[in-house]
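To start, the structure under review is shown below, and the notes come after it.
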Amino acid sequence: MSKIQAAITGVGAYLPEYILNNTELEKMVDTTDAWITSRTGIKERRILKGEGKGASHMGVEAVKQLLQKTNTDPKDIDLLICATTTPDFVFPATANLIASEVGASNSFSYDMQAACSGFLYSLAAASQFIETGKYKKIIVVGADKMSSIIDYTDRATCIIFGDGAGAVLLEPNTEGYGIQDSIMQSDGSGMVHLHQKAGGSRRPPSLETVQNREHYVYQEGAAVFKQAVVKMAEVSKSIMDRNHLTGDDVAWLVPHQANKRIIDATAQKMEISDDKVMLNIHRYGNTTNGTLPLCLFDYESQLKKGDNIILAAFGGGFTWGAIYLKWAYDIK
Ligand code: UT7
């Protein structure tokens with residue numbers, strides 16, 4: 001029997017309506033459109049407004065669209081994984097809420113926490129389930145309401161992040177399409193440079209933690225930048241080398257959208273031209289777990305069956321990795 005591989009067979013997305021552009025940020029903190037654009041490539045980002053709406057709100061919308069696009073009955077979903085760093089609650093898992101809301105009543109569901117690499121980690125995990133032959137339809141959602149943990153008085157972090165969600169359907173493929181290889185890595189010593197100081201079990205919420213503004217993203221930008229440039233480029237090149245791919249063989253790079261300069265360095269190391277690099281950071285900023293599926297969504301109409309695609313990410317933890325897949329369908 002031919003080998004079973006996990007192929008992406010559809011993509012859905014959701015972006016909140018409200019646009020926070022650089023001009024508005026200029027009024028909130030000491031920054032300029034010119035600085036943000038030249039240092040990050042970001043022009044605007046989306047913000048989820050509305051009382052009581054968390055990451056699951058966006059995840060649900062992305063999954064509903066995915067189910068409709070792929071003509072899938074939610075009851076046929078075996079597993080739903082939600083990659084998120086901004087879950088609705090500490091527990092239960094946001095994936096449980098999404099699965100229930102969309103009617104995926106026969107699935108089991110859980111969250112993946114790997115900061116900006118969560119969607120990549122989730123795809124790698126989901127592909128293993130599919131390869132066993134036991135699981136036929138798996139949804140991987142990347143959803144983050146980063147605005148809920150951003151300090152809008154900190155000019156070094158508030159300019160980067162935005163809200164959004166994307167989702168993909170994975171199904172078995174025996175014709176050679178789908179996920180071919182993955183490399184996932186982590187290094188917890190990177191925690192000092194990028195974390196949220198309070199709200200977890202080590203430092204539970206208190207009046208003091210709130211007054212000290214400890215419930216926001218703490219990032220030492222330059223230290224994270226240095227690691228991200230090296231690791232994302234390194235892992236992308238490694239997955240190409242061990243699959244005997246040159247820059248010419250790669251149709252698309254799907255990079256985590258954290259900083260345009262990190263993306264450029266990765267493409268350079270892979271020796272692939274700019275026109276093969278998916279980019280939407282100028283419109284959405286860094287949506288953490290949303291970046292990769294939102295890229296796939298925006299570029300879906302340009303993808304061709306058989307395209308060699310490399311997805312790569314780097315984020316808090318530190319976590320990083322790359323996936324090599326062969327795209328499995330043309331848009332009709
Ligand atoms: O996705 C998760 C992983 N995260 C990342 O990959 C993010 C990686 N890091 C970055 O993208 C960049 O480090 C940042 C965009 C966060 C910052 O850019 P940078 O070029 O590394 O700036 P920096 O932190 O080294 O700061 C340089 C200067 C500082 O001023 P002084 O001390 O030289 O006078 C900052 O205070 O730029 C200043 N600065 C700003 N100036 C205007 C920092 N933020 C701003 C700002 N507007 N928004």
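Heavy atoms only: backbone and side chains are in, while hydrogens, waters and symmetry mates are out.
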Report task. Please determine if Asp30 and Arg155 form a salt bridge, counting it only when a charged side-chain N lies under 4.0 Å from a carboxylate O. Result -> yes
Report summary line: Between Ala228 and Phe314 the two heavy atoms that sit nearest each other are CB-CD2, 3.4 Å
Query raised in the report: Side-chain heavy atoms under 4.5 angstrom apart, residues restricted to Ile, Leu, Val, Met, Phe, Trp, Tyr: same cluster for Tyr121 and Trp320?
Result: yes
Requested in this report: Evaluate the ring planes of Tyr110 and Phe129, with Trp represented by its six-membered ring, and classify them as parallel (under 30°), tilted (30 to 60°) or perpendicular (over 60°).
Outcome: tilted
Query raised in the report: So does Lys304 have more than 12 non-hydrogen atoms from other groups sitting under 6.0 Å from NZ?
Result: no
Query raised in the report: Got more than 12 heavy atoms from elsewhere within 6.0 Å of CZ, Phe89?
Result: no
Query raised in the report: Is the number of heavy atoms from other residues, nucleotides or ligands under 6.0 Å of Gln268 CD greater than 12?
Result: no
Query raised in the report: Any side-chain heavy-atom pair from Glu208 and Arg203 closer than 4.5 angstrom?
Result: yes
Report task. Answer yes or no: are there more than 12 heavy-atom neighbours, outside Asp241 itself, under 6.0 Å from its atom CG? Result -> yes
Report task. Examine Trp327 and Ile272 and state if one hydrophobic cluster contains both, with Ile, Leu, Val, Met, Phe, Trp and Tyr joined whenever side-chain heavy atoms are less than 4.5 Å apart. Result -> yes
Query raised in the report: Are Tyr299 and Leu325 grouped together when hydrophobic residues (ILVMFWY) are joined by side-chain heavy atoms under 4.5 angstrom apart?
Result: yes
**Report entry** Quiz item: cation-pi between Lys326 and Tyr177, 6.0 Å / 45°
**Finding:** no
Query raised in the report: Just by distance, do the side chain of Glu44 and the backbone of Tyr284 share a donor-acceptor pair under 3.5 Å?
Result: no
Report task. Scan Val277, Leu279, Thr40 and name whichever one has a side chain to side chain contact (heavy atoms under 4.5 Å, CB included) with Lys260. Result -> Leu279
Query raised in the report: Ion pair present between Arg242 and Asp181, side-chain N to carboxylate O less than 4.0 angstrom?
Result: yes
Report task. Please answer: with hydrophobic residues joined when any side-chain heavy atoms are less than 4.5 Å apart, are Met58 and Ile139 in the same cluster? Result -> no
Requested in this report: Walk me through it: do Gln185 and Lys231 pass the test side-chain contact (heavy atoms from CB on, under 4.5 Å)?
Outcome: CA-CA 10 Å; Gln185 302 195 286; Lys231 300 296 187 193; 6.0 Å; no
Query raised in the report: Any salt bridge between Lys145 and Asp88, counting N to O under 4.0 Å?
Result: no
